[in-house]
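Some notes on the structure that comes next.
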Protein chains: 2
Amino acid sequence: MAVTIRDVAREARVSVASVSRALNGSPAVTDETRQRIASIAARLRYVPHSAARSLITKRTQTVGALLPDLYGEFFSELIRGIDLAARSKGLHLLVSSSHGDTNEAAAALRAMQGRVDGMLILSPHVDAAFLRANLPEAVPAVLLNSALKGAQHDVLNIDNYGGAYAMTRHLLDAGHASVAFIGGPEDNFDAQQRERGYREAMAAFAPKAAVKVATGDFGEESGYRAGRAFAKSADRPRAVFAANDMMAVGCLRAFAESGLRVPDDVALAGFDDIPIARYVTPSLTTVHVRIADLGRSALERLATAIEKPGRALHGAAPMLACEVVVRASSGGKTSGRTTAKRA
Amino acid sequence: MAVTIRDVAREARVSVASVSRALNGSPAVTDETRQRIASIAARLRYVPHSAARSLITKRTQTVGALLPDLYGEFFSELIRGIDLAARSKGLHLLVSSSHGDTNEAAAALRAMQGRVDGMLILSPHVDAAFLRANLPEAVPAVLLNSALKGAQHDVLNIDNYGGAYAMTRHLLDAGHASVAFIGGPEDNFDAQQRERGYREAMAAFAPKAAVKVATGDFGEESGYRAGRAFAKSADRPRAVFAANDMMAVGCLRAFAESGLRVPDDVALAGFDDIPIARYVTPSLTTVHVRIADLGRSALERLATAIEKPGRALHGAAPMLACEVVVRASSGGKTSGRTTAKRA
DNA sequence: AACTCCGATGAAAACGTTTACATTCCGCCG
DNA sequence: CGGCGGAATGTAAACGTTTTCATCGGAGTT
């Protein structure tokens, strides 16, 4: 830190302007002097003072990520994707996670003011009003997995609908005549989309079958309760599709306790492909989401939004495809991975 | 961003100095003017330009976290602990993760130059030479889980030794006469400590029993191989302690294939308490590490190192205690959690 | 040979703060 | 009533860059 651009200039017997130009690759400097300056800078271990630089350029080369209190695998995969993409774009990553409520998120968002060139926001707490109040319109933002519609902000979603649609279809294709669903929290965007996917696939491929939906909250316990209810019910479904893996795991436990064999008596599927899915018995058929890809493309969109500020948003909010991962719990014949297609 | 301290000053009919003082809580300003300035600043949505501020104060209010390519649960818990502590200290968090090798880590470390007031470093790739070459001695750093000894840097470790010691003792206490061990990668610091804990506990509590160690690499597959070998061996151990949970899971699979019942025929334990541990059958007895606590206290140490630069390092590297979590796989009578004590 | 033009370099302003130092104002003491 | 001290406020320098504009040579043109 002690060594500044002046030190380099003095040593190289040029002005600070030349040093700046040489180091920033301006064409208006001889190759010869550029060489000399570069080698001297290296020898002196000169590192440009980033604060001074951002003061004048109004760029921080940093993007912020605002995340809610997030579950293990999802969080780390997302950050990995973001981080990798950020590095390749020469951007730094400022994270602020574990926001329990709207106020915390707002505080975090404001605290990042001026420290970042753009924001990646994934949070159930944000809505249009929140953004208007806390996000200066000058700073570009990409919203992840948000229900927000207005063309005000750039949005990137997981194709929950398509994944659920494809999974429902898979279960029907495997020969299970009736497929029931365990839903997630009512106010959860992902959960809504998944349920819609289930309902529409049922309507499309098994119009005569009953649509049966149990309520859950994404917790294992709620899956367990739903599983017990299904096990006892008079017209027990031939397959159960839980809106996430944790509920599927709970459901599996309920079936085991009720003496039902999976998948022989009843098939089962989840959503998310958490690591546990592979290790339960029988292994769980589920929908895999390439979370790291979500992070990567979110960052890439943000980067272009930063580079070309005026640009209109690129049409409709794009969807990140999901894959059906067929394991033991769904029975039937096929096995392996297939990418979910939109209907 | 458009509104600067001058705007506030003009509006309040005072000098920029007074605004600065008022907003930074200097005592040399009347309560009345402070009020007025504060309200005007709020009305104008004035946010101090952090780059300008750090330029003059030489503080960024940011700490960097350098992490290797890290597995899900551990990563997210660690970041959560760090993030929470950072927020309560008013510090921002710049992360750079997913470093595969030394060069990447070095590049990342250098890129953070001047953007952070201190660094949290968790990486198998760092050693004394690495730090000397890439970390200016002016920036405080806390090393996590590092074998580094020199009092040069502040170090914070997980008590792998104590955890392994306690687990070995637990298995012996549960009545298993012989306990075998599946080790991790030879060059892995955690793995070494765990093996040492196992060996010393055996020496202390079962001096007559044979010490049996299989080699593994922390991967599930290597646990499976070790499990098969143990299952076939003439003097099959009564209990197996794997140096991490993934290997324990692999081992469990091997036992199941060999027709061995766990824990009746052979007890099993792991280390880490990954989420899967709860869901395998039987549920896995393991050692739980409070990773978020590790992150939190690392950040707190770093924060004090930043505040009081001259301070000597606080004596020996402290250890973060582990807990033995007793589940079904270890058999015996006791059940629940006990905090591991050092020998 | 004088002029023009262009490419390389330098001088200095600007970015938005904080803070050392100067100034002002007021009450108080002698 | 004059001077003094101290509290409140103002002025301006400093932080380390980037960038505009000016300057300086030298080559090419007439």
Side-chain angles (χ1 to χ4, degrees), chain A residues 1-38 40-41 44-62 90 92 111 113-117 136 138-139, chain B residues 1-38 40-41 44-62 90 92 111 113-117 136 138-139:
Chain A
M1 291 291 259
V3 34
T4 80
I5 198 173
R6 314 199 99 83
D7 300 318
V8 180
R10 181 162 3 94
E11 195 83 1
R13 304 182 181 289
V14 294
S15 71
V16 293
S18 293
V19 177
S20 176
R21 283 192 270 255
L23 265 28
N24 291 326
S26 152
V29 64
T30 325
D31 271 354
E32 185 259 328
T33 51
R34 184 194 308 284
Q35 291 289 339
R36 187 159 45 94
I37 291 175
I40 289 181
L44 262 39
R45 291 171 174 275
Y46 166 66
V47 177
H49 192 294
S50 55
R53 181 178 278 182
S54 359
L55 179 58
I56 189 107
T57 59
K58 304 198 170 309
R59 277 295 178 81
T60 62
Q61 307 289 26
T62 303
H92 292 262
Q113 286 281 354
R115 303 185 159 268
V116 299
D117 294 337
V139 9
Chain B
M1 292 291 259
V3 33
T4 81
I5 198 172
R6 314 198 100 84
D7 300 320
V8 180
R10 180 162 5 92
E11 194 84 0
R13 304 180 180 290
V14 295
S15 73
V16 292
S18 292
V19 177
S20 175
R21 283 192 271 256
L23 265 28
N24 290 326
S26 152
V29 65
T30 324
D31 271 355
E32 185 260 328
T33 51
R34 182 192 309 283
Q35 290 290 341
R36 187 159 45 95
I37 291 175
I40 289 180
L44 263 41
R45 290 172 177 274
Y46 166 66
V47 177
H49 192 296
S50 55
R53 183 179 277 185
S54 0
L55 178 57
I56 188 111
T57 60
K58 304 197 169 309
R59 278 295 178 79
T60 62
Q61 306 289 24
T62 303
H92 293 261
Q113 285 283 355
R115 303 185 159 268
V116 299
D117 295 336
V139 10

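So that the names make sense, note that chain A is the first sequence line, chain B the second, and so on, each numbered from 1.
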- [ ] Quickly work out the A:Arg59 CZ to D:dT18 P distance and round it to whole Å.
- [x] 14 Å
- [ ] Ignoring hydrogens and angles, tell me if any N or O in the side chain of A:Thr30 forms a donor-acceptor pair with the backbone of A:Glu32 under 3.5 Å.
- [x] no
Open item on the list: Just the rounded figure in Å: distance from C1' of C:dT17 to NE2 of A:His49.
Closed with: 12 Å
Task: Toward the 5' end of DNA chain D, by each residue's nearest nucleotide, B:Ala52 or B:Pro27 - done: B:Pro27
Open item on the list: In whole Å, I'd like the distance from the CD1 atom of A:Ile5 to the C1' atom of D:dA14.
Closed with: 17 Å
Open item on the list: Quick check: on DNA chain D, is the nucleotide nearest B:Glu32 upstream (toward 5') of the one nearest B:Ile56, or the reverse? Name the residue that is more 5'.
Closed with: B:Glu32
Task: B:Arg59 side chain vs B:Arg53 backbone, donor-acceptor pair below 3.5 Å - done: no
Open item on the list: Measuring from the side chain of A:Leu55 (C-beta onward, heavy atoms only), which nucleotide among D:dT17, C:dG16, D:dT9 has the closest atom?
Closed with: C:dG16
Open item on the list: Less than 4.0 angstrom between a side-chain N/O of A:Thr57 and OP1 or OP2 of D:dT17, yes or no?
Closed with: no
Task: Any pair counted as salt bridge (Lys or Arg N to Asp or Glu O under 4.0 Å), so long as it reaches residues 7-21 of chain B, sequence neighbours left out - done: B:Asp7-B:Arg10, B:Glu11-B:Arg43
Task: Derivation of the side chain to side chain contact (heavy atoms under 4.5 Å, CB included) call for A:Arg34 and A:Asp31 - done: CA-CA 5 Å; A:Arg34 184 194 308 284; A:Asp31 271 354; 3.9 Å; yes
- [ ] Go through C:dT17, D:dT18, C:dG16 for me and flag the one nearest to the B:Arg53 side chain.
- [x] C:dT17
Open item on the list: Keeping B:Ser20 on the side-chain end and B:Val16 on the backbone end, is there a donor-acceptor pair under 3.5 Å?
Closed with: no
TODO: Let me see the working for A:His49 and B:Leu55 under side chain to side chain contact (heavy atoms under 4.5 Å, CB included), right down to the final yes or no.
DONE: CA-CA 8 Å; A:His49 192 294; B:Leu55 178 57; 4.2 Å; yes
Task: Protein-nucleotide distance (B:Arg6, atom CZ; C:dT18, atom P), rounded to Å - done: 12 Å
- [ ] Answer yes or no: is there a side-chain heavy-atom contact under 4.5 Å between B:Gln61 and A:Arg115?
- [x] yes
Open item on the list: Tell me whether the side-chain N/O atoms of A:Lys58 come closer than 4.0 Å to OP1 or OP2 in C:dG16.
Closed with: yes
TODO: Starting at atom CG of B:Asp31, determine the distance to atom P of D:dA7, rounded to an integer number of angstrom.
DONE: 15 Å
Task: Residues touching DNA chain C, which here means a heavy atom under 4.0 Å, drawn from residues 11-24 of chain A - done: A:Arg13, A:Val14, A:Ser15, A:Ala17, A:Ser18, A:Arg21
TODO: May I ask you to evaluate whether A:Ser54 reaches the phosphate of D:dT17, defined as a side-chain N or O under 4.0 Å from OP1 or OP2?
DONE: no
Open item on the list: What's B:Ser50 touching, base or sugar-phosphate or nothing? Going by heavy atoms closer than 4.0 Å.
Closed with: nothing
